[in-house]
Trainee: 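First, the structure itself, so that you have it in front of you.
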Amino acid sequence: EESSLNRRRNLGKGAQKAGGASKATSATPVAKPKAALLSFGDDEDDGDGVVLKKPSSVQKFKKKASDFVPEIKHNSQLSSSGEYTQERLAALRQNARHISTGVSGGSPTHMDVEGGDAGSGPTAPASFIPSAEEIQAARQMRMEAREHDDFIALDSSSAKGRSRLVREEDANDHSDDEPAEKLSFGEAARRTNKSNARQEIKSVLQAGPPAPMAGEVDEDEDEEQRRWEQLQIRKGVQSTPVPGSMRAPPLVVSARPGQQGLLMPSPSTQVVSIEQIIRVMKEALEAVEESHESHVRLLDRIYAELSSSATIVPQLESEMTEASQRYQFFQELRCFIQDLLACLDEKVPAIEDHERRVHGLMKEQADIATARRAAVFADTERVLIQGQAPTPAQLHRHTLFAQRLARAAATRPEVPVETLEGEFSDNETQEGRDFAAEYEEIVQSAHAILDDVADDFCDLKLIAGRFEAWKTRYPGAYLDAFAAMSFQRIAQPLIKLQLLEWRPLEAACRAVETHDWFQQLMFFGIGENQEVHPDDPDIQMVPELLEQVLLPKLAGIAEFVWDPFSSVETGRLVALVYHLFQSYPTVTPDRKPAAALLAALVARINSSVAENVRFPLLPAGPLEANPALLRFVKIRLAAAIKLLRNVSTWSGILSGTALQNAMIGILCNVATALQPITWNQDVVSSLEQMISLLPKNWFAGSGLALIAIKMATGPITALFSSWAADRRLSGSDKERLARLFAAIGETEAAGQLLH
């Protein structure tokens with residue numbers, strides 16, 4: 001240690017001499033640099049000094065090293081005289097920082113702590129200090145090399161022959177001839193620092209631990225120095241993290257005073273073993289094998305999908321052809337239906353207008369017949385009851401009526417004239433208007449409505465064929481579109497047009513089943529040898545059309561055209577209604593069209609009872625004394641019997657309550673009118689006929705039903721009771737009267753009369 005101090009003192013004296021020599025040889029005074037210089041005692045007061053200019057490569061290196069080496073705070077303890085004491089040297093040693101930095105070729109370079117220049121030759125150990133003579137000789141050699149252009153600058157980027165001597169004009173000069181290196185900041189600088197740190201760690205690990213050197217200081221200083229260096233390294237150098245168990249162990253600096261700093265693995269870290277490496281490799285192998293298996297499975301699935309696609313291609317081609325045909329079919333059907341609807345929108349109002357005209361003509365004809373019969377009955381009442389002389393109009397009506405009556409009597413010679421006259425409905429001929437000609441004109445005009453329409457849009461069979469083709473080819477779409485219901489709406493106007501000639505109250509009327517529309521739609525939607533599904537909506541095609549078209553038409557005829565007093569019309573209508581209720585499942589009383597038909601029948605019967613069972617106020621006393629009155633009563637009783645007989649034919653079709661109200665209503669009207677008349681054999685015979693038409697089960701019941709029927713027959717019971725009080729009745733008359741009492745359920749009154 002003593003020898004080291006002596007050598008440093010000699011170095012200080014040589015530096016003073018060299019400073020004086022350089023001052024003498026320098027031609028241009030140099031301004032005092034800002035950087036720190038080695039200070040010697042002899043030139044302390046002199047402002048001039050020798051400044052060794054650093055090469056640009058060293059400056060660049062220092063800039064790079066400053067990114068991860070902390071700034072070193074200098075605490076110079078040099079005396080003003082330039083001498084070094086033992087305490088100052090110890091303090092200087094304490095402040096010295098040895099940082100190992102990598103340069104090209106992997107050799108370390110020592111940086112001057114006080115900002116001095118780097119050596120131009122091979123790096124000397126930290127403990128070697130050149131003498132003043134060696135420094136002076138080296139300076140002399142550099143100066144001679146500059147003069148003979150034999151000087152090689154340390155900085156390769158500097159211009160040839162450029163002097164390292166700092167002059168006043170270029171002390172702070174940053175010439176454009178020397179391009180400055182671009183500095184990296186931010187993320188780029190951090191990546192560069194990490195890369196340099198990795199290079200350092202790799203070079204230190206390859207070099208191995210440093211050899212121990214002599215001249216160590218005491219252990220406390222060495223330990224303190226080591227802790228400080230480790231702290232700085234941890235702050236400045238951060239190794240790149242390695243995932244998993246292959247992470248590199250943390251590094252520490254092993255350095256001693258006078259030695260180059262080295263980065264060494266920390267003795268406290270665990271060294272990666274072979275087993276760990278094998279385990280990691282096995283895990284990687286397992287991951288690769290698993291990935292391979294998944295790829296194989298994916299490949300198998302792809303092959304399966306490819307083969308499946310190859311088999312599906314022909315199927316898709318056939319489906320594409322079918323789809324094309326399906327599209328073409330539905331496009332044609334769509335255009336057809338649009339044209340058909342457009343045609344019907346134009347023609348349906350005309351068809352309905354002709355239907356109203358036909359129904360109006362039929363109603364007018366029926367009203368004329370009813371009014372004429374009522375007029376004849378009124379004329380008979382005025383002549384026979386009131387004794388008035390007939391007017392010319394009455395005589396004309398009576399003459400025509402007598403002629404018609406004579407024609408009817410020729411066919412029924414056994415029937416009394418009074419009975420025949422009372423039962424005569426007076427609807428055989430039409431007078432004043434030719435209804436047949438008018439009717440035929442309306443029908444011909446209706447047929448001409450569709451003359452300008454193509455057969456595809458007016459022929460029901462052709463239209464039905466379109467819908468049947470739809471059902472045959474695409475039954476699912478047929479059901480989803482409710483095509484059966486749509487076809488019914490389309491067919492209704494065409495069926496109404498055919499039914500204009502259908503008059504069920506006439507003898508020449510055709511049966512419903514013989515019409516063309518019925519025959520064309522009877523097997524609609526049912527192919528040959530095809531099994532009929534019970535849920536097929538087309539099974540009910542004809543019954544539903546009959547319910548929607550025929551029943552409303554028939555209800556109108558029953559309410560406005562049918563004459564309940566006519567036995568012929570009543571018989572035809574009863575047969576038709578009974579056939580419809582028995583043959584078609586859609587014609588039931590619980591369905592609206594059928595219920596409307598029954599209601600129309602009941603309403604027409606009630607109105608006919610009010611029109612035809614009318615009696616004037618008869619005088620009291622026996623009818624035998626007034627032959628005209630007797631004849632009039634016989635005519636009216638014959639009319640009541642005929643009407644009651646016609647109403648009774650609806651038994652089994654109309655409800656029991658409606659039928660009971662109508663029939664008992666007729667009988668009660670007659671009994672009320674006959675209250676002033678005494679016992680008469682002809683009148684009693686008529687009443688016996690009327691009571692015989694009543695169903696026997698009406699009076700055989702019990703409870704509320706029997707009470708209701710007895711209350712309804714109250715006027716009849718009162719008439720019979722008034723006759724029973726007549727003491728002039730013979731035994732046979734009492735027996736007849738007792739039978740009448742028993743027929744209406746009055747058994748007690750019948751027994752009292754006989755006993």
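Here the structure is a predicted model, which is why all the values come from computation and not from measurement.
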Trainee: Mark yes or no for whether Lys347, through its side chain, and Leu450, through its backbone, hold a donor-acceptor pair below 3.5 Å.
Mentor: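 Checking the backbone N and O of Leu450 against the side chain of Lys347, no donor-acceptor pair under 3.5 Å is found.
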Trainee: Does a side-chain heavy-atom distance below 4.5 Å link Val549 with Trp517?
Mentor: no
Trainee: If you count every heavy atom of other residues, nucleotides or ligands that lies below 6.0 Å from Gln338 atom CD, does the total exceed 12?
Mentor: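 Check passes, neighbour count above 12.
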Trainee: Donor-acceptor pair, distance only, cut-off 3.5 Å: does the side chain of Ser692 make one with the backbone of Gln689?
Mentor: yes
Trainee: Taking all heavy atoms of Ala640 and all of Met690, pick out the closest pair and write down the distance.
Mentor: CB-CE, 4.2 Å
Trainee: Check the side chains of Gln492 and Gln488 for a donor-acceptor pair under 3.5 angstrom, ignoring hydrogens and angles.
Mentor: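 Not at all, the side chains of Gln488 and Gln492 share no donor-acceptor pair under 3.5 Å.
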Trainee: Verify side chain to side chain contact (heavy atoms under 4.5 Å, CB included) between Arg736 and Arg739, making sure each step is shown before the conclusion.
Mentor: CA-CA 5 Å; Arg736 292 179 66 181; Arg739 287 193 294 269; 3.1 Å; yes
Trainee: Taking the side chain from Thr672 and the backbone from Cys668, do they hold a donor-acceptor pair closer than 3.5 Å?
Mentor: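 Yes.
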Trainee: Would you say the side-chain atoms of Thr514 pair up with the backbone N or O of Ala511, donor to acceptor, closer than 3.5 Å?
Mentor: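 Judged by distance alone, yes, a pair lies under 3.5 Å.
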Trainee: Below 4.5 Å, heavy atoms only, C-beta onward: do Ile463 and Leu494 meet side chain to side chain?
Mentor: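 When only atoms from C-beta onward are counted, Leu494 and Ile463 do touch, with a gap below 4.5 Å.
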Trainee: Determine whether Gln548 and Glu544 satisfy the following criterion, side-chain hydrogen bond (donor to acceptor under 3.5 Å, both in side chains), listing intermediate values before the conclusion.
Mentor: CA-CA 6 Å; Gln548 297 168 4; Glu544 289 179 355; 4.7 Å; no
Trainee: Checking the side chain of Ser318 only, and the main-chain atoms of Gln315 only, is there a donor and an acceptor separated by less than 3.5 Å?
Mentor: yes
Trainee: Other residues, nucleotides and ligands only: do more than 12 of their heavy atoms fall within 6.0 Å of CZ on Phe482?
Mentor: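 Count not over threshold, so no.
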Trainee: Please test Leu545 against Phe518 for side chain to side chain contact (heavy atoms under 4.5 Å, CB included), starting from the C-alpha separation and ending with a verdict.
Mentor: CA-CA 9 Å; Leu545 284 173; Phe518 193 95; over 6 Å; no
Trainee: First locate atom CZ of Phe720, then atom CG of Leu740, and finally report the distance between them rounded to the nearest 0.5 Å.
Mentor: 4.0 Å
Trainee: Closest heavy-atom contact between Asp536 and Gly525?
Mentor: OD2-O, 4.3 Å
Trainee: Between Phe330 and Tyr474, does the ring centroid distance fall short of 6.0 Å?
Mentor: yes
Trainee: How about CD on Gln675, more than 12 heavy atoms from neighbouring residues, nucleotides or ligands closer than 6.0 Å, or not?
Mentor: yes
Trainee: Got a sec: does the CZ of Arg614 have more than 12 other heavy atoms crowding it under 6.0 Å?
Mentor: no
Trainee: Of all heavy-atom pairs between Asp451 and Ala448, which one has the smallest distance, and what is that distance?
Mentor: OD2-CA, 3.1 Å
Trainee: State, to 0.1 Å, how close Ala738 and Ala750 come at their nearest heavy-atom pair, and which atoms those are.
Mentor: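 The answer is O-CB, 3.3 Å.
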Trainee: Start with the C-alpha gap between Glu440 and Gln444, add the side-chain angles, then the distance that decides, and say whether side chain to side chain contact (heavy atoms under 4.5 Å, CB included) holds.
Mentor: CA-CA 6 Å; Glu440 187 66 24; Gln444 294 298 329; 3.0 Å; yes
Trainee: Would you check if Thr713 and Phe699 make a side-chain contact, meaning some heavy-atom pair closer than 4.5 Å?
Mentor: yes
Trainee: Quick one: list whatever passes side-chain contact (heavy atoms from CB on, under 4.5 Å) with Phe560, sequence neighbours left out.
Mentor: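 side-chain contact (heavy atoms from CB on, under 4.5 Å) check on Phe560 returns Lys363.
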Trainee: Tell me the closest heavy-atom pair linking Asp455 and Leu462, and the distance in Å.
Mentor: O-CD1, 3.5 Å
Trainee: When you measure from the side chain of Ser651 to the backbone N and O of Ser648, does any donor-acceptor pair fall under 3.5 Å?
Mentor: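 It does not hold such a pair.
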Trainee: Kindly indicate, with the supporting measurements, whether the criterion salt bridge (Lys or Arg N to Asp or Glu O under 4.0 Å) is fulfilled by Asp516 and Lys461.
Mentor: CA-CA 9 Å; Asp516 293 340; Lys461 185 177 181 180; over 6 Å; no
Trainee: With rounding to the nearest 0.5 Å, note down the distance linking CG in Leu344 to CG in Asp339.
Mentor: 11.0 Å
Trainee: Is any side-chain heavy atom of Gln519 closer than 4.5 Å to one of His515?
Mentor: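 With C-beta onward as the side chain, the pair stays apart.
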Trainee: Give, for atom CG of Leu505 and atom OG of Ser566, the distance between the pair rounded to the nearest 0.5 Å.
Mentor: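 It comes to 8.5 Å.
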Trainee: If you round to the nearest 0.5 Å, how far is CG of Asp682 from CG of Leu637?
Mentor: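 Going from the CG atom of Leu637 to the CG atom of Asp682 covers 9.5 Å.
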Trainee: Does the side chain of Pro585 reach to within under 4.5 Å of the side chain of Gln540, using non-hydrogen atoms?
Mentor: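 Side chain of Pro585 against side chain of Gln540, heavy atoms only: contact under 4.5 Å found.
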Trainee: Is it true that a side-chain atom of Asp353 and a backbone atom of Pro349 form a donor plus acceptor pair closer than 3.5 Å?
Mentor: no
Trainee: Is the backbone of Phe524 close enough, under 3.5 Å, to the side chain of Asp538 for a donor and an acceptor to pair up by distance?
Mentor: no
Trainee: Please assess Asn661 against Val602 for the test side chain to side chain contact (heavy atoms under 4.5 Å, CB included), listing each intermediate value before the final yes or no.
Mentor: CA-CA 10 Å; Asn661 293 336; Val602 172; over 6 Å; no
Trainee: So which of Thr570, Leu643, Val609 actually passes side-chain contact (heavy atoms from CB on, under 4.5 Å) with Phe565?
Mentor: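 Among Thr570, Leu643, Val609, the one meeting side-chain contact (heavy atoms from CB on, under 4.5 Å) with Phe565 is Leu643.
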Trainee: Taking side chain as C-beta onward, heavy atoms only, is Ser567 less than 4.5 Å from Lys642?
Mentor: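 Counting from C-beta outward, Ser567 and Lys642 do come under 4.5 Å.
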Trainee: Apply side-chain contact (heavy atoms from CB on, under 4.5 Å) to Glu441 and list each qualifying residue two or more places apart in sequence or on a separate chain.
Mentor: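 Glu441 satisfies side-chain contact (heavy atoms from CB on, under 4.5 Å) with no residue once adjacent residues are dropped.
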Trainee: Pick out which of Tyr578, Trp562, Phe581 makes a ring-ring contact (aromatic ring centres under 6.0 Å, His included) with Trp650.
Mentor: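 Of the listed options, the one satisfying the test is Trp562.
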Trainee: What closest approach, in Å, do Ala712 and Pro715 show between heavy atoms, and which atom pair accounts for it?
Mentor: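 Minimum heavy-atom contact is O-CD, 3.7 Å.
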Trainee: Apply the test side-chain hydrogen bond (donor to acceptor under 3.5 Å, both in side chains) to residues His359 and Lys553: give CA-CA distance (whole Å), side-chain angles for both, the deciding distance (0.1 Å), then the verdict.
Mentor: CA-CA 9 Å; His359 291 170; Lys553 181 180 180 69; 2.7 Å; yes
Trainee: Taking the side chain as everything from C-beta on, heavy atoms only, tell me whether Trp698 gets closer than 4.5 Å to Met663.
Mentor: yes
Trainee: Which value, rounded to the nearest 0.5 Å, describes the distance between Asn646 atom CG and Ile641 atom CD1?
Mentor: 12.0 Å
Trainee: Working to the nearest 0.5 angstrom, can you tell me the gap between Ser486 OG and Arg489 CZ?
Mentor: 8.5 Å
Trainee: Cation-pi between Arg503 and Tyr439: NZ/CZ under 6.0 Å from ring centre and within 45° of the ring axis?
Mentor: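 Yes, Arg503 lies over the aromatic ring of Tyr439.
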Trainee: Do Phe615 and Val670 have side chains that approach each other closer than 4.5 Å (heavy atoms only, starting at C-beta)?
Mentor: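 They are in contact (side-chain heavy atoms under 4.5 Å apart), so the answer is yes.
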Trainee: Cut-off 3.5 Å, side chains only: do Gln498 and His447 have a donor facing an acceptor?
Mentor: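 Judged by distance alone, the side chains do not pair up.
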